[in-house]
Amino acid sequence: MYQLISYLKFILKSTDKYRIHSPFVFNFTTNCLENKRDNTERIYQIYRAYKKLLSADRTFINITDFGAGSKHFTSNKRQIASIAKYSGISNTKAKLLIKILEYFKPTNILELGTSLGLSTLILSQQNQVKVITIEGCRATSNFAQKNLTALGLNSVTFIADEFSKVLPQITKEHLFDLVYFDGNHQKKATLNYFNTCLKSIHNETLFIFDDIYLSKDMYDCWQILIKNPQVTVSIDTFHFGMLFFRTEQVKQHFYIRTNS
(Lines give C-alpha, C1' and ligand atoms only; values in the text may rest on other atoms or scores of the structure.)
Protein backbone atom coordinates (compact mmCIF):
# COMPACT_ATOMS: atom_id res chain seq x y z
CA MET A 1 0.00 0.00 0.00
CA TYR A 2 2.86 2.39 0.84
CA GLN A 3 4.42 1.82 -2.60
CA LEU A 4 1.08 2.28 -4.38
CA ILE A 5 0.39 5.58 -2.64
CA SER A 6 3.98 6.66 -3.29
CA TYR A 7 3.62 5.90 -6.98
CA LEU A 8 0.46 7.99 -7.26
CA LYS A 9 2.25 10.89 -5.56
CA PHE A 10 5.20 10.42 -7.91
CA ILE A 11 2.95 10.64 -10.97
CA LEU A 12 1.54 13.92 -9.73
CA LYS A 13 5.02 15.36 -9.20
CA SER A 14 6.68 13.97 -12.30
CA THR A 15 7.31 15.87 -15.49
CA ASP A 16 8.24 15.29 -19.11
CA LYS A 17 11.24 16.64 -21.01
CA TYR A 18 9.47 19.81 -22.16
CA ARG A 19 9.50 21.24 -18.65
CA ILE A 20 13.16 20.43 -18.00
CA HIS A 21 15.44 23.45 -18.22
CA SER A 22 18.76 21.69 -17.64
CA PRO A 23 20.45 20.79 -20.98
CA PHE A 24 22.22 17.85 -19.33
CA VAL A 25 18.99 16.37 -17.91
CA PHE A 26 16.99 17.24 -21.05
CA ASN A 27 19.46 15.35 -23.25
CA PHE A 28 19.51 12.41 -20.84
CA THR A 29 15.70 12.27 -20.79
CA THR A 30 15.34 12.64 -24.55
CA ASN A 31 18.17 10.38 -25.69
CA CYS A 32 18.01 7.75 -22.97
CA LEU A 33 14.89 7.61 -20.81
CA GLU A 34 12.46 8.40 -23.66
CA ASN A 35 14.46 6.83 -26.45
CA LYS A 36 12.36 4.08 -28.06
CA ARG A 37 15.04 3.20 -30.60
CA ASP A 38 17.76 2.31 -28.11
CA ASN A 39 20.22 -0.45 -28.90
CA THR A 40 19.66 -2.55 -25.78
CA GLU A 41 17.84 -5.67 -26.98
CA ARG A 42 20.96 -7.85 -27.12
CA ILE A 43 21.83 -7.25 -23.47
CA TYR A 44 18.21 -7.60 -22.40
CA GLN A 45 18.01 -11.03 -24.05
CA ILE A 46 21.20 -12.12 -22.25
CA TYR A 47 19.62 -11.04 -18.97
CA ARG A 48 16.35 -12.84 -19.83
CA ALA A 49 18.18 -16.07 -20.67
CA TYR A 50 20.01 -16.05 -17.33
CA LYS A 51 16.81 -15.22 -15.44
CA LYS A 52 15.08 -18.14 -17.17
CA LEU A 53 17.82 -20.48 -15.94
CA LEU A 54 17.45 -19.18 -12.39
CA SER A 55 13.65 -19.46 -12.53
CA ALA A 56 13.98 -23.16 -13.32
CA ASP A 57 16.44 -23.87 -10.50
CA ARG A 58 14.65 -25.64 -7.63
CA THR A 59 17.70 -26.06 -5.39
CA PHE A 60 17.91 -24.37 -1.98
CA ILE A 61 20.65 -22.32 -0.36
CA ASN A 62 20.95 -20.91 3.15
CA ILE A 63 20.85 -17.11 3.14
CA THR A 64 22.61 -14.75 5.54
CA ASP A 65 20.61 -11.50 5.47
CA PHE A 66 22.41 -8.38 6.71
CA GLY A 67 19.76 -6.00 5.40
CA ALA A 68 16.16 -5.08 6.07
CA GLY A 69 14.91 -8.64 5.67
CA SER A 70 12.30 -9.88 3.22
CA LYS A 71 8.52 -9.64 3.18
CA HIS A 72 8.39 -12.70 0.90
CA PHE A 73 10.48 -15.17 2.91
CA THR A 74 10.05 -16.45 6.45
CA SER A 75 13.10 -18.74 6.42
CA ASN A 76 16.76 -18.30 5.55
CA LYS A 77 16.59 -21.52 3.52
CA ARG A 78 15.42 -20.26 0.14
CA GLN A 79 14.93 -21.68 -3.32
CA ILE A 80 16.96 -20.17 -6.16
CA ALA A 81 13.85 -19.74 -8.33
CA SER A 82 12.07 -17.83 -5.55
CA ILE A 83 15.06 -15.58 -4.89
CA ALA A 84 15.20 -14.73 -8.59
CA LYS A 85 11.49 -13.97 -8.60
CA TYR A 86 11.27 -11.81 -5.48
CA SER A 87 14.78 -10.45 -4.89
CA GLY A 88 16.27 -10.19 -8.38
CA ILE A 89 16.01 -7.09 -10.54
CA SER A 90 12.66 -6.87 -12.35
CA ASN A 91 12.33 -6.82 -16.13
CA THR A 92 11.23 -3.16 -16.05
CA LYS A 93 14.22 -2.11 -13.97
CA ALA A 94 16.53 -4.27 -16.09
CA LYS A 95 15.47 -2.46 -19.27
CA LEU A 96 15.94 0.92 -17.62
CA LEU A 97 19.35 0.02 -16.18
CA ILE A 98 20.54 -1.25 -19.57
CA LYS A 99 19.49 2.02 -21.22
CA ILE A 100 21.30 4.08 -18.58
CA LEU A 101 24.47 2.03 -19.02
CA GLU A 102 24.31 2.30 -22.80
CA TYR A 103 23.95 6.08 -22.51
CA PHE A 104 26.69 6.87 -20.00
CA LYS A 105 28.99 3.91 -20.83
CA PRO A 106 30.70 3.61 -17.42
CA THR A 107 33.80 1.41 -17.36
CA ASN A 108 34.60 1.24 -13.64
CA ILE A 109 31.57 0.05 -11.68
CA LEU A 110 30.89 -0.85 -8.06
CA GLU A 111 27.81 -2.87 -7.14
CA LEU A 112 26.57 -3.22 -3.56
CA GLY A 113 24.40 -6.33 -3.47
CA THR A 114 25.27 -9.12 -5.92
CA SER A 115 22.45 -11.49 -4.96
CA LEU A 116 22.22 -14.14 -7.72
CA GLY A 117 24.02 -11.91 -10.22
CA LEU A 118 21.17 -10.69 -12.44
CA SER A 119 22.10 -7.03 -12.21
CA THR A 120 25.79 -7.96 -12.14
CA LEU A 121 25.34 -9.61 -15.53
CA ILE A 122 23.80 -6.40 -16.91
CA LEU A 123 26.52 -4.19 -15.43
CA SER A 124 29.26 -6.34 -16.98
CA GLN A 125 28.09 -6.03 -20.59
CA GLN A 126 29.72 -2.71 -21.50
CA ASN A 127 32.96 -2.74 -23.52
CA GLN A 128 36.16 -2.67 -21.44
CA VAL A 129 34.16 -2.61 -18.23
CA LYS A 130 35.48 -3.63 -14.82
CA VAL A 131 32.92 -4.48 -12.15
CA ILE A 132 33.50 -5.00 -8.44
CA THR A 133 30.44 -6.56 -6.83
CA ILE A 134 30.03 -7.07 -3.09
CA GLU A 135 27.59 -9.43 -1.41
CA GLY A 136 27.28 -9.97 2.32
CA CYS A 137 25.82 -13.47 1.94
CA ARG A 138 28.61 -15.86 0.98
CA ALA A 139 26.19 -18.51 -0.35
CA THR A 140 24.57 -16.21 -2.92
CA SER A 141 27.91 -14.62 -3.83
CA ASN A 142 29.44 -18.04 -4.50
CA PHE A 143 26.38 -19.03 -6.53
CA ALA A 144 26.57 -15.90 -8.67
CA GLN A 145 30.32 -16.20 -9.19
CA LYS A 146 30.04 -19.86 -10.24
CA ASN A 147 27.26 -19.17 -12.74
CA LEU A 148 28.58 -15.93 -14.23
CA THR A 149 32.10 -17.36 -14.54
CA ALA A 150 30.59 -20.30 -16.43
CA LEU A 151 29.05 -17.75 -18.81
CA GLY A 152 32.53 -16.45 -19.58
CA LEU A 153 32.46 -13.20 -17.60
CA ASN A 154 36.03 -12.33 -16.64
CA SER A 155 35.45 -8.61 -16.02
CA VAL A 156 33.80 -9.07 -12.61
CA THR A 157 35.53 -9.23 -9.22
CA PHE A 158 33.34 -10.93 -6.61
CA ILE A 159 33.73 -10.05 -2.93
CA ALA A 160 31.77 -11.95 -0.28
CA ASP A 161 31.81 -9.84 2.88
CA GLU A 162 29.88 -7.20 4.79
CA PHE A 163 29.83 -3.86 2.99
CA SER A 164 31.02 -1.92 6.03
CA LYS A 165 34.14 -4.09 6.31
CA VAL A 166 35.37 -3.85 2.73
CA LEU A 167 34.08 -0.52 1.39
CA PRO A 168 36.63 1.73 3.15
CA GLN A 169 39.58 -0.01 1.46
CA ILE A 170 37.89 -0.37 -1.94
CA THR A 171 36.96 3.31 -2.07
CA LYS A 172 40.55 4.23 -1.21
CA GLU A 173 41.91 2.23 -4.12
CA HIS A 174 39.40 3.02 -6.89
CA LEU A 175 37.54 5.82 -8.61
CA PHE A 176 34.16 4.68 -9.94
CA ASP A 177 32.10 5.91 -12.87
CA LEU A 178 29.02 4.20 -11.46
CA VAL A 179 28.02 2.88 -8.04
CA TYR A 180 24.88 0.76 -7.98
CA PHE A 181 23.30 0.49 -4.51
CA ASP A 182 21.07 -2.58 -4.15
CA GLY A 183 21.80 -4.09 -0.76
CA ASN A 184 20.80 -3.56 2.88
CA HIS A 185 17.79 -1.32 2.30
CA GLN A 186 17.94 0.46 5.63
CA LYS A 187 18.32 4.19 6.15
CA LYS A 188 21.31 4.26 8.49
CA ALA A 189 23.28 1.64 6.57
CA THR A 190 22.58 3.23 3.18
CA LEU A 191 23.69 6.65 4.40
CA ASN A 192 26.92 5.12 5.74
CA TYR A 193 27.62 3.39 2.42
CA PHE A 194 26.87 6.58 0.52
CA ASN A 195 29.28 8.63 2.62
CA THR A 196 32.01 6.02 2.23
CA CYS A 197 31.51 5.84 -1.54
CA LEU A 198 31.84 9.63 -1.84
CA LYS A 199 35.58 9.04 -1.47
CA SER A 200 35.60 7.28 -4.85
CA ILE A 201 33.76 9.78 -7.06
CA HIS A 202 34.86 12.07 -9.86
CA ASN A 203 32.94 14.76 -11.72
CA GLU A 204 31.08 12.32 -14.00
CA THR A 205 30.28 9.66 -11.39
CA LEU A 206 26.70 8.41 -11.18
CA PHE A 207 25.15 6.80 -8.09
CA ILE A 208 22.03 4.67 -8.73
CA PHE A 209 19.84 3.63 -5.79
CA ASP A 210 17.33 0.82 -6.16
CA ASP A 211 14.17 0.63 -4.03
CA ILE A 212 14.01 4.24 -2.86
CA TYR A 213 10.25 3.69 -2.39
CA LEU A 214 10.61 0.30 -0.68
CA SER A 215 9.60 1.81 2.66
CA LYS A 216 9.18 5.16 4.39
CA ASP A 217 12.60 4.57 5.92
CA MET A 218 14.22 4.31 2.49
CA TYR A 219 12.32 7.30 1.12
CA ASP A 220 13.45 9.38 4.10
CA CYS A 221 16.98 8.23 3.33
CA TRP A 222 16.58 9.34 -0.30
CA GLN A 223 15.45 12.78 0.84
CA ILE A 224 18.62 13.14 2.89
CA LEU A 225 20.79 11.99 -0.01
CA ILE A 226 19.46 14.53 -2.50
CA LYS A 227 20.16 17.35 -0.03
CA ASN A 228 23.82 16.40 0.31
CA PRO A 229 25.94 19.42 -0.74
CA GLN A 230 28.12 17.31 -3.05
CA VAL A 231 25.07 16.21 -5.05
CA THR A 232 24.22 18.65 -7.83
CA VAL A 233 21.60 16.83 -9.92
CA SER A 234 19.21 14.22 -8.53
CA ILE A 235 16.64 12.33 -10.60
CA ASP A 236 13.76 10.26 -9.26
CA THR A 237 12.39 7.85 -11.87
CA PHE A 238 10.42 5.94 -9.20
CA HIS A 239 12.23 2.74 -10.24
CA PHE A 240 15.64 4.25 -9.45
CA GLY A 241 17.05 7.26 -7.68
CA MET A 242 20.02 8.80 -9.50
CA LEU A 243 22.63 11.19 -8.11
CA PHE A 244 25.18 13.22 -10.08
CA PHE A 245 28.15 15.25 -8.81
CA ARG A 246 28.83 17.49 -11.81
CA THR A 247 30.27 20.70 -10.39
CA GLU A 248 29.21 22.71 -13.45
CA GLN A 249 25.53 21.97 -12.75
CA VAL A 250 23.13 24.05 -10.69
CA LYS A 251 21.65 21.98 -7.86
CA GLN A 252 18.26 20.66 -9.03
CA HIS A 253 15.96 17.73 -8.36
CA PHE A 254 13.72 16.09 -10.98
CA TYR A 255 10.84 13.61 -10.97
CA ILE A 256 10.89 12.05 -14.42
CA ARG A 257 8.56 9.42 -15.90
CA THR A 258 10.16 6.77 -18.10
CA ASN A 259 8.79 4.51 -20.84
CA SER A 260 10.75 1.46 -19.62
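Atoms considered below: every heavy atom in the structure, side chains included; atoms not considered: hydrogens, waters and symmetry mates.
Residues passing the side-chain contact (heavy atoms from CB on, under 4.5 Å) test with Ile224, sequence neighbours excluded: Lys187, Leu191. With sequence neighbours excluded, the residues that form a side-chain contact (heavy atoms from CB on, under 4.5 Å) with Ser155 are Ser124, Val129. Applying the side-chain contact (heavy atoms from CB on, under 4.5 Å) criterion to Thr247, with sequence neighbours excluded, gives Asn203. Judged as a salt bridge (Lys or Arg N to Asp or Glu O under 4.0 Å), and not counting sequence neighbours, Arg48 has no contacts.
Using a 4.5 Å heavy-atom cutoff, the side chains of Phe254 and Val233 are in contact. In this structure, Thr140 and Leu116 have side chains that are in contact, with non-hydrogen atoms separated by less than 4.5 Å. Counting only heavy atoms from C-beta outward, the side chains of Thr64 and Glu162 never approach each other to under 4.5 Å. Residues Gln252 and Val25 have side chains not in contact (no heavy-atom distance under 4.5 Å, counting atoms from C-beta outward). At least one side-chain heavy atom of Asp182 sits under 4.5 Å from a side-chain heavy atom of His185. Put simply, the side chain of Asn91 reaches to within 4.5 Å of the side chain of Lys51, judged on heavy atoms. Residues Leu225 and Val231 form no side-chain contact, since every pair of their non-hydrogen atoms from C-beta on lies 4.5 Å or further apart.
Ile201 CD1 to Leu206 CG: the interatomic distance, rounded to the nearest 0.5 Å, is 11.5 Å. Taken from OG in Ser6 to CD1 in Ile212, the straight-line distance is 9.5 Å, to the nearest 0.5 Å. Taken to the nearest 0.5 Å, the OG1 atom of Thr107 stands 10.5 Å off from the CG atom of Asn127. How far NE2 of His239 is from CD1 of Ile208: 13.0 Å, rounded to the nearest 0.5 Å. Rounded to the nearest 0.5 Å, atoms CD1 (Ile256) and CZ (Phe26) are 11.0 Å apart. Summarising the geometry, atom CG belonging to Leu112 is positioned 10.0 Å from atom CD belonging to Glu135; distances are rounded to the nearest 0.5 Å.
Under a 3.5 Å cut-off, the side chain of Arg78 and the backbone N or O of Ile83 do not form any donor-acceptor pair. Between the side chain of Gln79 and the main chain of Arg58, a donor-acceptor pair closer than 3.5 Å is present. Panel note: side chain Lys199, backbone Lys172; no donor-acceptor pair is recorded below 3.5 Å. Counting only distance, with no hydrogens or angles, the side chain of Gln125 and the backbone of Leu121 share a donor-acceptor pair below 3.5 Å. In this structure, the side chain of Ser115 does not engage the main chain of Gly88 through any donor-acceptor pair within 3.5 Å. Listed for the Thr114 side chain is no donor-acceptor partner under 3.5 Å among the backbone atoms of Gly117. At distances below 3.5 Å, at least one donor-acceptor pair connects side-chain atoms of Asp177 with backbone N or O atoms of Asn108. Under a 3.5 Å cut-off, the side chain of Thr149 and the backbone N or O of Lys146 do not form any donor-acceptor pair. Using modelled atom types, no side-chain atom of Ser141 and backbone atom of Arg138 make a donor-acceptor pair closer than 3.5 Å. Between the side chain of Lys251 and the backbone N or O of Ile226, at least one donor-acceptor pair lies under 3.5 Å.
For the 3.5 Å distance criterion, the side chains of Thr59 and Asp57 qualify, holding a donor opposite an acceptor. Side-chain contact annotation: Thr120 with Glu111, donor-acceptor N/O pair under 3.5 Å present.
Between Arg257 and Ser14 the shortest heavy-atom distance is NH1-OG, 2.7 Å. For His253 against Ser234, the heavy-atom pair with the smallest separation is ND1-OG, 2.6 Å. Between Ser22 and Gln249, the closest heavy-atom pair is OG-NE2, 3.5 Å. Between Asn195 and Asn228, the closest heavy-atom pair is OD1-ND2, 4.4 Å. For the pair Cys137 and Ile63, the tightest heavy-atom approach, listed with the atom from each and the gap, is SG-CA, 3.8 Å. Of all the heavy atoms in Ile89 and Ser119, the pair that sits closest is CG2-N, 4.1 Å.
Note: the hydrophobic cluster containing Leu198 does not contain Leu175 (ILVMFWY, side chain heavy atoms under 4.5 Å, direct or indirect links). Under the 4.5 Å side-chain heavy-atom criterion for ILVMFWY residues, no single connected hydrophobic cluster contains both Leu118 and Leu53.
A side-chain contact (heavy atoms from CB on, under 4.5 Å) with Ile159 holds for exactly one of Leu167, Val166, Thr133; it is Val166. Remark: of the listed residues Trp222, Phe240, Phe209, Phe209 is the sole one forming a ring-ring contact (aromatic ring centres under 6.0 Å, His included) with Phe181.
The ring-ring contact (aromatic ring centres under 6.0 Å, His included) contacts involving residues 87-136 comprise Phe28-Tyr103, Phe28-Phe104, Phe104-Phe244, where partners must be two or more places apart or lie in separate chains. Listed by first and then second residue, the ring-ring contact (aromatic ring centres under 6.0 Å, His included) pairs involving residues 136-179 are Phe163-Tyr193, His174-Phe176 (not counting sequence neighbours).
Not less than 6.0 angstrom separates the ring centroid of Tyr213 from the ring centroid of Tyr7.
Counting non-hydrogen atoms of neighbouring residues, nucleotides and ligands closer than 6.0 angstrom, the CD atom of Glu173 exceeds 12 such neighbours. Counting non-hydrogen atoms of neighbouring residues, nucleotides and ligands closer than 6.0 angstrom, the NZ atom of Lys9 reaches no more than 12 such neighbours.
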Subject >> Worked check of side-chain contact (heavy atoms from CB on, under 4.5 Å) between Ile100 and Met242 >> reply: CA-CA 10 Å; Ile100 294 169; Met242 306 173 63; 3.9 Å; yes

Original post:
Going through the checks in order, is the side-chain contact (heavy atoms from CB on, under 4.5 Å) test met by Ser55 and Lys52?
Top reply: CA-CA 5 Å; Ser55 299; Lys52 185 176 180 180; 5.6 Å; no

Subject >> Check against side-chain contact (heavy atoms from CB on, under 4.5 Å), Leu123 and Leu178 >> reply: CA-CA 10 Å; Leu123 295 171; Leu178 171 67; 3.9 Å; yes

Original post:
Would Asn76 and Asn62 satisfy side-chain contact (heavy atoms from CB on, under 4.5 Å), going step by step from the backbone distance to the final call?
Top reply: CA-CA 5 Å; Asn76 287 338; Asn62 289 312; 5.6 Å; no

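The aromatic rings of Phe10 and Phe238 are tilted relative to each other, their planes meeting at an angle between 30° and 60°.
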